[in-house]
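Please read the structure below before turning to the comments.
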Amino acid sequence: TVGAVALDQNGNLAAATSTGGLNSQLKGRLSDSPLIGAGTYANNPYCAVSCTGKGEVIMRGVLAHEVYALVKYAGEGLQTASEKAVTMHKALLDGDMGLVSLNQQQEVAFAFNTNMMKRGYSLGGAAPLVALWDNE
Amino acid sequence: MKKFAIAIHAGAETVKREDISKEQETQYREGLQEALAAGNAVLEKGGSALDAVVAAIEKMENNPLFNAGIGGNLNIHGETAFDAAIMDGKNLKSGSVGSIRYVKNPIKLARVVMEKCRHNFMVDTGAEEFALSQGLELKPPSHFVTEEKLKSWHQNYYDDYLKGHD
């Protein structure tokens with residue numbers, strides 16, 4: 001799965017996600033990626049979110065919207081909201097998950113429970129920063 | 001100075017470090033940088049966040065290293081099938097597509113569904129007919145299948161079926 005979130009100079013947020021699904025998935029199986037609120041969500045000015053991981057778990061966790069809800073209704077910061085969304089229902093939603101989020105204040109957050117998430121960001125046109133492993 | 005930013009991911013997974021070579025790591029990083037550069041090029045010129053995310057995703061869909069577009073995973077029948085979505089935070093408009101097989105860049109189809117379709121989620125052959133009506137580029141299924149994914153499908157069929165990953 002690949003995903004992107006962006007903030008433009010007019011203060012608008014957007015999110016997009018695209019995926020090839022699971023290895024050996026059943027024909028006709030849909031992932032979380034195209035489900036708004038699960039794999040993809042954007043709502044000015046709170047956040048834009050794109051998710052990756054085990055689709056069935058992300059759908060049941062409504063992961064992208066969970067980040068938005070934690071920011072808007074619980075008043076959490078973007079990084080805290082992103083981390084909580086990935087970890088808060090661990091007992092019920094056990095599976096690999098990761099996400100990237102961005103808000104109108106140009107804050108970027110990454111959260112994942114795996115040892116690798118291919119990721120990167122750039123602020124204001126500055127040189128991009130990319131990382132792969134959890135300790136980077 | 002006005003703020004703008006882009007952030008991307010290309011998949012989260014639990015893997016053994018020794019299974020990823022230094023060469024692969026370098027290729028992943030280069031692919032991520034290329035996608036960020038494409039999105040940044042849009043934003044720097046004052047382009048929209050929507051255009052930026054499409055530009056970044058298109059690069060990654062065209063990169064065989066990532067599980068989207070070329071290099072997508074193979075299903076139980078050894079076929080590729082793609083899902084994609086886009087959402088505009090300004091007006092909460094969205095477009096989604098699922099189980100499409102012939103559209104070169106699924107994210108572009110999600111974008112036209114959002115902007116030109118009276119529905120916001122299209123799947124399978126109906127989505128592909130809509131892509132045709134909008135003049136999007138189509139490709140044969142073989143375009144998306146890489147040698148590496150085919151080899152992996154043959155080797156790991158049953159393991160992947162049991163645990164799986166998007």
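Proteins get letters first, then strands, A, B, ... in listed order; numbering begins at 1 in each.
With a 4.5 angstrom heavy-atom cutoff, B:Val97 touches chain A only via backbone atoms. With a threshold of 4.5 angstrom between heavy atoms, A:Ala127 does not approach chain B through any atom at all. With a threshold of 4.5 angstrom between heavy atoms, B:Phe82 approaches chain A through its backbone and through its side chain. Using a 4.5 Å cut-off between heavy atoms, B:Thr80 makes no contact with chain A at all. Contacts of B:Arg111 with chain A are absent, with no heavy-atom separation under 4.5 Å from either backbone or side chain.
Of all residues in residues 21-30 of chain B, those placing a non-hydrogen atom less than 4.5 angstrom from a non-hydrogen atom of chain A are B:Glu25, B:Tyr28, B:Arg29. Residues of residues 43-59 of chain B having a heavy atom under 4.5 Å from any heavy atom of chain A, listed by number: B:Leu43, B:Glu44, B:Gly46, B:Gly47, B:Ser48, B:Ala49, B:Leu50, B:Ala52, B:Val53, B:Ala56, B:Ile57. When the heavy atoms of residues 124-136 of chain B are compared with those of chain A, none of the residues falls under 4.5 Å.
No option in A:Leu99, A:Thr52, A:Val5 other than A:Thr52 meets the side-chain contact (heavy atoms from CB on, under 4.5 Å) test with B:His9.
At distances below 3.5 Å, not a single donor-acceptor pair connects side-chain atoms of A:Gln9 with backbone N or O atoms of B:Lys3. Side-chain atoms of A:Asn23 do not come within 3.5 Å of backbone N or O of B:Trp153 as any donor-acceptor pair. At distances below 3.5 Å, at least one donor-acceptor pair connects side-chain atoms of A:Asn115 with backbone N or O atoms of B:Val15.
Counting heavy-atom pairs closer than 4.5 Å to chain A, the top residue among B:Ser96, B:Gly72, B:Ala81 is B:Ser96.
Listed by first and then second residue, the side chain to side chain donor-acceptor pair (under 3.5 Å) pairs that reach into residues 141-150 of chain B are B:Asn73-B:Lys149, sequence neighbours excluded.
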Steps toward side-chain contact (heavy atoms from CB on, under 4.5 Å) verdict (A:Asn43, B:Leu92): CA-CA 6 Å; A:Asn43 193 330; B:Leu92 304 189; 3.6 Å; yes

Trace of the side-chain hydrogen bond (donor to acceptor under 3.5 Å, both in side chains) decision for A:Ser33 with B:Asp83: CA-CA 6 Å; A:Ser33 299; B:Asp83 307 333; 5.9 Å; no

Trace of the side-chain contact (heavy atoms from CB on, under 4.5 Å) decision for B:Leu65 with A:Lys118: CA-CA 11 Å; B:Leu65 293 173; A:Lys118 307 173 198 90; over 6 Å; no

